[in-house]
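This report refers to the structure that appears directly beneath it.
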Amino acid sequence: MLPTWAFVVGVLVLTAAVWAALQPSVPYLGHDEAVYAAKARSWLTGAPSAQWGPHRAPGLPALGFVALAVHESVASVRVVGLLLALLAFALFCWAATGLLGPARGIVAALLVLSGPGFLRRIPEFLTDIGTAGLLAGAAYCLVRAQEGGAVPARRAGPHRAGGRDRWVPAAAGFALGAFYLRYGALAGILALALAAVVAWGPRAWLARWRGLLGAAALLAVGLAPHLVAAERVTGSPVGMVRASVGAGHPEGLGGLLTYVRMFPVKLAGPWGGVVMAAGLVAGVLAAWRLARRRPRPDDTRTVFVVLAAVALVVSLGLAAHGEPRFVFLSVFLLTLAGVAVLAEWAGARARLLLGALAAGAVATMPVTGLLVARGLHDVTSQRKSLVAAAAELAVQSGGVVGHSTGFAVPTRRCVVVTGYQPEVGWYSGCATASLEQVRSRELPNAQVSYLVFARGRDQLPPARVRRLAADRSVRVVELPAVGSLGAGRLLTVGGTPSRTPARG
C-alpha cells in the first residue's frame, strides 16, 4: 500500500497536468486576470493599471509583482495561478485526509478536482481557488480545536486535548491569508464562524479562551495594515470591505436561484454532484439526531461542515451574482460530508465504493476538461480581437507587443477609450478610460484613441467620436476582423486643432 503522501503528490501532479492541458484554450488574460496583472505591472514599472478599485485585495497583485520581477510575461502570472491551485489542493488533501482518513480524503480531493467549476478556473490567474484552499485549512483547524487529533489519533484519548488551543490561532492565520487574497473571503470566514458556534455551542469555544485570545491578537496585528490603508483610501476602516460587498452586483434572489440551478452537477460534475447531494442529506440527518439528543460521534462535525457550506451559498447568493468560483469552499465542504456518509452507508463495501468514486473522477476529468475547453472557444475568440487591437495601439504609441512577453511598453503616453479596459490596457500598455469618463469630461487633454468594434460593447459610434473631436484631427485605422468582435476601428483624436477635415 502506497503512503498517503504519494497519493497527495498524485493529486498535485493531476492539478498541474490540468493547468498545463487547459492553457492553450485560454491563451489570453481575461477581464479580472488583466486587472490583477496590470496592477502588479503598475507597481513594478509604473505603467497604468485599469479598473483597479478599493474592493480588490492586494494579495494577488503582490504575488504577480514577484512573478513579473522575475520575467515580464503572461506565463509568469499564470504560474502564480498554478502555485495557488497547488497550495489549495495540498490544503484540501491535508484537511480531507485529516478529517476522513487517507482513502476517503484523497477521494474527496479527486472529486473536487474533477468538477467543471474547478477545471474552468485552474488555468487562470485568479484568487478563487487559492482562497477556497486557505478557508478549507481554517475549517480543518476549527474542527481540530474541538475534537483534538486527526481521525486515526483522535481515539487515543483525551490526553491530546491540551494542545487544542493552538488550532484556533492557526484557523485565524488561514482566514487572514484568505482575506488578503480576496476580500470576498470574509463571507466564508463568517460562514465558518457561524457554523462553528452553532455546531459546538458558545461554551465549547469559551473553553478554548486561550486560543481565542491568541487568534484575536493575530487578527489585530494582521488586519492593522489593512485598516490603516482603508482609512486612508476610503475614509473608513471598513470602507474596502463595503466596496467589496457593493462590487458583487447583487441580484436579490437571482444569485441564490442561480446557485440552485447550478446544483449540483454544474458545480461539481456528475460524480461530485451525487456526493454533494449526499452531503446535504447527511447534514440534515445529523442535525435531526442532534436535535433528538441521539447523536453519533461525527454528527457535530457534519453539521458544522454542511451548515458552513450552505450559509456561504445563501449569503453570497443574496449579496452577489451567482458564479461557481465564488462557492468553491462550499463544494469542498459538501464533498467532504458526502464522501463520509456514502462510505458509512456502504459499510463493508466502502472500499469498493471509494475506488469507484476515485476511478470515476479520474476517468471523467479528460472529458470534462474537453467540454470546458470547448466552452472557452467564444471567450478566446473575443480576446483575439482585443489583443489584435492592443497590438495596433502599441505600434501607434511606439511600442511592440512581443510574443514572449504578451504585453507592450509604449514609448509615448497613450489613452484608449474602450469597454474592455483591463484586457486592452494590459496588452497595449496604454492608460484606459470608460464612456463614463468621456461623458464627465475626465479625459486628459492629450491624444486619445477610441476603440470601436463591429460587435463591441460600451463604445461610441465613429460619428459621435467625430462630433466630440470638433476641430481636432481624427486619424482612423481600420482593424482586420480578428476574433468574434469583428472588424474594428481605432479613431485617434489629436490634441491640437486640425487644418484638414477628418477622414473615415
Side-chain angles (χ1 to χ4, degrees), residues 29-44 49-69 76-85 87-88 91 121 124-139 171-193 218-250 312 315-316 319-321 323-329 421-422 425-426:
L29 296 186
H31 181 278
D32 287 323
E33 287 184 286
V35 171
Y36 290 114
K39 188 61 176 178
R41 185 178 64 184
S42 177
W43 288 343
L44 182 65
S49 60
Q51 289 193 332
W52 180 263
H55 64 286
R56 296 185 185 272
L60 190 60
L63 296 174
F65 173 90
V66 175
L68 293 177
S76 294
V77 294
R78 283 283 177 82
V79 167
V80 172
L82 169 63
L83 295 178
L84 286 175
L87 171 65
L91 290 171
R121 298 301 177 180
E124 295 185 325
F125 175 61
L126 292 175
T127 62
D128 308 280
I129 294 178
T131 299
L134 291 169
L135 291 179
F174 280 117
L176 198 61
F179 178 77
Y180 274 110
L181 192 60
R182 180 182 179 86
Y183 291 148
L186 184 60
I189 295 168
L190 293 177
L192 290 173
L218 178 62
L219 290 175
V221 173
L223 288 176
H226 166 79
L227 297 175
V228 171
E231 176 69 33
R232 185 176 68 251
V233 173
T234 68
S236 169
V238 296
M240 289 181 175
V241 172
R242 288 176 179 169
S244 177
V245 173
H249 306 294
L312 177 59
S315 62
L316 287 179
H321 64 287
E323 283 195 43
R325 64 192 180 103
F326 296 161
V327 292
F328 282 161
L329 175 64
Q421 290 180 252
W426 166 261

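Not measured: the values here are computed from a predicted model.
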- Query: Can you find a pair of side-chain heavy atoms, one from L84 and one from L60, that are under 4.5 Å apart?
  - Reply: yes
- Message: Check this for me: does any side-chain nitrogen of one of R121 and E323 sit under 4.0 Å from a carboxylate oxygen of the other?
- Response: yes
- Does the side chain of L87 reach to within under 4.5 Å of the side chain of L91, using non-hydrogen atoms? yes
- Query: Where is the tightest heavy-atom contact between A67 and S76, given as atom of each residue plus distance?
  - Reply: CB-O, 3.6 Å
- Message: Restricting to non-hydrogen atoms, name the atom on R182 and the atom on F326 that form the minimum distance, rounded to 0.1 Å.
- Response: NH2-CE2, 3.0 Å
- Measure the CG-CD1 distance between L329 and I129 for me, rounded to the nearest 0.5 Å. 13.0 Å
- Message: So, using salt bridge (charged side-chain N to carboxylate O under 4.0 Å, His left out) as the criterion, who are the partners of E33 when residues are at least two apart?
- Response: R78
- Message: To the closest 0.5 Å, what do you measure between CG (L68) and CG (L63)?
- Response: 11.0 Å
- Closest heavy-atom contact between A139 and L192? CB-CD2, 3.8 Å
- Message: Between Q51 and R56, is the side-chain contact (heavy atoms from CB on, under 4.5 Å) condition met? List the steps.
- Response: CA-CA 10 Å; Q51 289 193 332; R56 296 185 185 272; 5.6 Å; no
- Task: Identify the heavy atoms of H226 and P237 that sit nearest to each other, and give their distance.
- Result: NE2-O, 4.2 Å
- Here the gap from L227 atom CG to R232 atom CZ, rounded to the nearest 0.5 Å, amounts to 12.0 Å
- Message: Restricting to non-hydrogen atoms, name the atom on P225 and the atom on V221 that form the minimum distance, rounded to 0.1 Å.
- Response: CD-O, 3.5 Å
- So how far is it from Y36 OH to T127 OG1, rounded to the nearest 0.5 Å? 4.5 Å
- Can you measure from OG1 (T131) to CZ (R325) and round to the nearest 0.5 angstrom? 10.5 Å
- Under 3.5 Å, is there a donor-acceptor pair between the side chain of T234 and the main chain of E231? no
- Task: Check whether any side-chain heavy atom of V35 lies under 4.5 Å from a side-chain heavy atom of W52, and answer yes or no.
- Result: yes
- From L176 CG over to L134 CG, what is the distance, rounded to the nearest 0.5 angstrom? 10.0 Å
- Task: Evaluate the side-chain proximity of Y183 to P58: yes if any heavy-atom separation is below 4.5 Å, no if none is.
- Result: yes
- Closest contact, heavy atoms only, P54 versus V233: CB-CG1, 4.3 Å
